[in-house]
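Here is how names work: the chains are called A, B, and so on, in the same order as the sequence lines, proteins then strands, and each is numbered from 1. Since the model is a prediction, treat every value here as computed from it, not as a measurement.
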Amino acid sequence: MSSPAEPGAPAVQVDGVEHRYAAVSALGPLDLSVAEGAFLVLVGASGCGKSTLLRLIAGFERPSAGRVRVAGAEPVPGRGAGLVFQAPRLLPWKTVGGNVDLALRYAGVPREQRPARVEQLLDRVGLHDVAGRRTWEISGGQQQRVAIARALAVPNPLLLLDEPFAALDALTRERLQEDLRRVSAESGRTCVFVTHSVDEAVYLGSRVVVLTSRPGRIALDRDIDLPRTGIEPDELRGLPGYAAYRAEIGHAVRAAADESERVRSLV
Amino acid sequence: MSSPAEPGAPAVQVDGVEHRYAAVSALGPLDLSVAEGAFLVLVGASGCGKSTLLRLIAGFERPSAGRVRVAGAEPVPGRGAGLVFQAPRLLPWKTVGGNVDLALRYAGVPREQRPARVEQLLDRVGLHDVAGRRTWEISGGQQQRVAIARALAVPNPLLLLDEPFAALDALTRERLQEDLRRVSAESGRTCVFVTHSVDEAVYLGSRVVVLTSRPGRIALDRDIDLPRTGIEPDELRGLPGYAAYRAEIGHAVRAAADESERVRSLV
Amino acid sequence: MNVVAESAVRPARPGNAGRGEWGRRWGLRLVALLALGVLWQVTATVMHNPAFIPSPGAVWHRLVQTSTTHDGVRGYSGHLLIEHLGVSLRRILIGSAIGVTGGLLVGVLMGAVGWVRVVTEPVVTFVRALPPLAYFSLFIIWFGIDETPKLWLLSIAALPPVAVATASAVSAAPTALVEAVRALGASRWAAIRDVVLPSALPEIFTGIRLAVGIAYSSVVAAETINGVPGIGGMVRDAQRYSQTDVVVLGLFAIGLSGLAIDAVLRVIEQRLIPWRGKY
Amino acid sequence: MNVVAESAVRPARPGNAGRGEWGRRWGLRLVALLALGVLWQVTATVMHNPAFIPSPGAVWHRLVQTSTTHDGVRGYSGHLLIEHLGVSLRRILIGSAIGVTGGLLVGVLMGAVGWVRVVTEPVVTFVRALPPLAYFSLFIIWFGIDETPKLWLLSIAALPPVAVATASAVSAAPTALVEAVRALGASRWAAIRDVVLPSALPEIFTGIRLAVGIAYSSVVAAETINGVPGIGGMVRDAQRYSQTDVVVLGLFAIGLSGLAIDAVLRVIEQRLIPWRGKY
Amino acid sequence: ASGSPDTAQKTIRIAYQAFPSGDLIVKHQRLLEQALPDYKITWTKFDSGASINTAFVAGSVDIAAIGSSPVARGLSAPLNIPYQVAFVLDVAGDNEALVARNGTNINSVADLRGHKVATPFASTAHYSLLAALDKAGVKESELTLVDLEPQDIQAAWTRGDLDAAYTWLPSLDELKKTGKVLISSRELATAGKPTLDLGVVSTAFATAHPDAVDAWRKAEAKALDIIAGQPDAAADAVGKELNISAADAKHQLSQGVFLKPADLSSSEWLGTEGKTGDLARNLLAAAQFLKAQNKIDAVPDAATIEKAIYTKGLPGVLAG
Ligand SMILES: Nc1ncnc2c1ncn2[C@@H]1O[C@H](COP(=O)(O)OP(=O)(O)OP(=O)(O)O)[C@@H](O)[C@H]1O
Ligand SMILES: Nc1ncnc2c1ncn2[C@@H]1O[C@H](COP(=O)(O)OP(=O)(O)OP(=O)(O)O)[C@@H](O)[C@H]1O
Ligand SMILES: [Mg+2]
Ligand SMILES: [Mg+2]
């Protein structure tokens, strides 16, 4: 069923993909090719099909039309792509640490190394002393961070993140953004990242795609030409190009939404 | 068990309240009085106790120490205060419309008026044609909006909102902010609103409270002295006071977080 | 090997699970059935003792015989097979209905009201450990030999699965959703109606399916006394005369009609609980 | 009136459900027990027919008699009550263990593997509708008259609740969580182990509790054949000689030991499933 | 409805069992319905004397066919059932017997020591087995007694789990194919330990409807005549009631002992009004036996048992 991976193929290749849930057309015909090591940020109105696109890439849905390839092969859940869902989806029968531990176990980390790695991963998302807690004994933002830590435990070449920082305060969010930006730049992992924050999009992305709403199509596809390493966040945000990108993308988001609105009011 | 409401009492009165979950101290001793008609915004790091405070005010938790009064009486869930939880918490056995309908039913709206009101409420949060869908057949942001519509169905004098707009795109978010700002100003409903966005805090709040993290205490309590009616959003954001408030509060949030960080590193 | 957990991984798209799926399913069942039939025939031929394992042919012959009037004898013990079955089905359905209703009531009360649980839980546990054969004679003494004791026995057999499953599910209602409706102003009983019961529905249905099965398997015990007409009475009668073919025929009648009822219950379940597994 | 749904509304804080709660609960039970005892004594006195309702005193007397050697006779039918009970408990426990294990296996396979379900589901439904009394004679032919047929009967009685509950819960595993671990790289069987089974655990436990109860209530049927020593054999024997007081004594022995086993199961359940209702 | 004579619809509730006897002929040929057209008669099948006793306690039957052993229990404490024996349906003959399996080297009852013997407990066969053991001087503890229903005896026998069994037709025939008869109830009856199938009438019913009891006795007597005089008709009726072939029924009937109606009132059985027959002694012996077995609380006194023999109108009623 799954075709063999082709070397040199783009990390993600989406060809003429459409997705329909029963009667609902969720994602319009879409072509998209994500190069290896790229950091693609998806922006679009609520309900435009961002999560659907991630699910297609992760292999949890098969497109109603067109085809999706990850590293040249048909995507299979859990193989080749890590996914942070929009909701935390922690297992309630495991402790917080147990949830991360499980991911390490799937990744083949030997048992004796896991406790230390769990601590380290939780620390990385800013969580201390919660490893022994039950999943319902931590706050919403903390749950989301556990889900991120869990996804980071698995060293997949492709990482899909669905609004991972939505429930976080500004500071924590900035730290994790920094961390993620560094990781992607240094490890060369490909990322597809969904967000509603234009600032986040410009800060993180090496490329930003804005989707129109229902069914989602590409309204804007812009490469972000800003330095990705060796620069402080504040410095980066201070660059003149940064503001320009923000303005352009912010504008595109609004235009895409208005467009959809107009189409709807015409119908 | 519940003391009678006193006329003229503040909408919410929190006296020396502490909350502890088993061994975890979640909310430090806290005093807070929210006047009727006020729009209080709570800001604070993830895990600092914002949701806990809302749950205390809604009556879902009893404080480990101190006392909480809503309109002068001990809070009872569902009486006097509406609550939008951090997660949507929709009933999967009801359709999207059914979830809103249920809230109207509890509010005593006659059966024949409900379908129209459901449509109207869903429209208000920017949802069209989804009333007949199942709750798992809509996107994350749409689910959160249904939860908001459901809470708006009940005409309580006090409305508690826990990061209601976190999963929404900028445009939808702005529309709902506008709507909420107008409603609170016109109807005189008291609101307690949790957010991580400083901009949202300044835009919506008549008063902003910044909490330190774990256990949450008040780091800053600032009345926002900006016009609440008869002004366009863009105009409002253009006011010189607006930027000043943003700066001050942004600063306080950072300071509160750093403070907690320092305390922790000392321990 | 297709793991159904797969259905969680790749949701079937509309039109996916259509005719082909249906045909394959029944094909598989038919093959299994045929295999069993052949096995049976072979065993019967090898054993060559109709008192132990009657051949399929003998059972078929009995089916014809008990379903017709022949030599002036009507069916078995003066009643056609279908009449025996009908009478028993009636008892099973009434008994199950009473048991399920009672179980639901007891279960909801037990799950939702603290002090009811404290007192009722041990009583229910006590009663469901009791063997019907042991207390049936008391029922005869109390209720006579007609329909009443049979219906009592079947009801009491059917009650515990529903009560236990309901109580367990009700007391484990999803806190998050109960809070959600309470925040909207639901009264406690509204919360039970709108959250607790729907969330318990899947387990309740499991309980109901088990209850009907147990009522079924108690039909012989219930029909030990004054059980003719009745499929259980018929089987018992046949047993005393080592008419194994009639016993097997009776077992088939019971098993197949049980299968039919369970299928109906499962269809209802699927209609009623579209959200299963969705949260 | 304290609705337990309340526990969902105001989670008990530590130290809240302490001694007082415990005392109240047992106080309530004691009162209920006393009330029942008085009711029983009154009914027995009014009816004044020991075959109808033996008085508490008569049952107590039987308890003493069957637990001691008197007039050179040891207990009942040569065995003390505790020996009868012990033998039966052993059968029940072994039978339940086999049935529960089998039920779990069948249930998981049925719930998780499509084609197994297609074939096995009807078979299980068919079998669980069959009355043990009808097929027990076949067991004698196959397994003789010693322990084996009894254990088979008890196992077969205990299997369906576990199988049905497990299959139902497994096939309704929370999609969101299965996807979550699949995204982390879990194989299908790892997903079953780490998500499907834990999420089914509450229902499985309900199934197990029902299974043990059903094994209990089948003990008389199992011990119709060569059942002495055995509490079921004792009850049957007493029944045939209309020794209602011995029957009632046996019922108490069965019911109370069933209560004890269920209590143990419930403690295990609570330890094992702290997350119940939390999502 | 039974006790009160002034009910609108007079009813008789009869309990019968599935053993070959005149009772089944009465039922099949509707002899009683013809004799008592204005009574509503219901026939209920029971599978043991114990359950019939239970039904009497519940007040659910008026007349029943029941073995002598359960009757002895019913007349004793704690049951003390107010019923009376009004008819002897049959005497166990060769249709109940003790069979030893071929190849076990059991040639007499005494040889049973150390072997496994099965019988349905609390039945007439159980009583007969214990009587046979007693007669041969074998103590119960010297062998293993197993409680099995006849069909289960047959199954266990085929497997070779049993060395001997005391049972009745039709399983007895199957056992005989691979075993030999050590003693039958016919011999035990001659030796003074007969087991009988009796017709009993609840005292309340007998008091309220003596005429109905007479009609019933006459119908049963007629059935005995049919068994004696028209064996084919009898076999046909019994076969249809038992769902077996007429040939099988005829064979089974031939193994039992059916008294002549006239013999019933002899001193050997029921006796006559004022002079109760030996049946009372027989029941008393059975009760004493049960007491020795710890199965009843106390043996009723002889007077009580004599009162429980319904001899009203004998021998006149059965003479015609
Ligand atoms: N299972 C489903 N059945 C039917 N329609 C669905 C289903 N899932 C999603 N949809 C619809 O498909 C569209 C895209 O959904 P998706 O979840 O991809 O949106 P999204 O871009 O992630 O939105 P958000 O920002 O709110 O999370 C939405 O309009 C939604 O209502
Ligand atoms: N049931 C619980 N048991 C133990 N600790 C808890 C429980 N619920 C919350 N906590 C802890 O209490 C603290 C406050 O939690 P709360 O949910 O109020 O945070 P919050 O401010 O809403 O955070 P967020 O912005 O992430 O939602 C957190 O540190 C959390 O870990
Ligand atoms: Mg989404
Ligand atoms: Mg929170």
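Between the side chain of E:Thr167 and the backbone N or O of E:Pro150, no donor-acceptor pair lies under 3.5 Å.
At a 4.5 Å heavy-atom cutoff, the contact between E:Leu242 and chain C is made by backbone and side-chain atoms alike. For E:Phe19, the part sitting under 4.5 Å from any heavy atom of chain C is the backbone (N, CA, C, O) and nothing else. For C:Asp146, no part sits under 4.5 Å from any heavy atom of chain E, backbone or side chain. Of the two parts of E:Lys240, only the side chain, counted from C-beta on, holds a non-hydrogen atom closer than 4.5 Å to a non-hydrogen atom of chain C.
Salt-bridge formation is not detected for the pair C:Glu223/C:Arg236: no Lys NZ or Arg NE/NH1/NH2 atom is positioned less than 4.0 Å from an Asp or Glu carboxylate oxygen. A salt bridge links C:Asp245 to C:Arg62: one of the charged nitrogens lies within less than 4.0 Å of a carboxylate oxygen.
For C:Trp40 and C:Phe252, the distance between ring centers is under 6.0 angstrom.
With no hydrogens or angles considered, no side-chain donor-acceptor pair links E:Ser171 and E:Gln151 at under 3.5 Å.
Ranking C:Ile140, C:Ile145, C:Thr224 against chain E, the residue ahead of the rest is C:Ile145, based on heavy-atom pairs under 4.5 Å.
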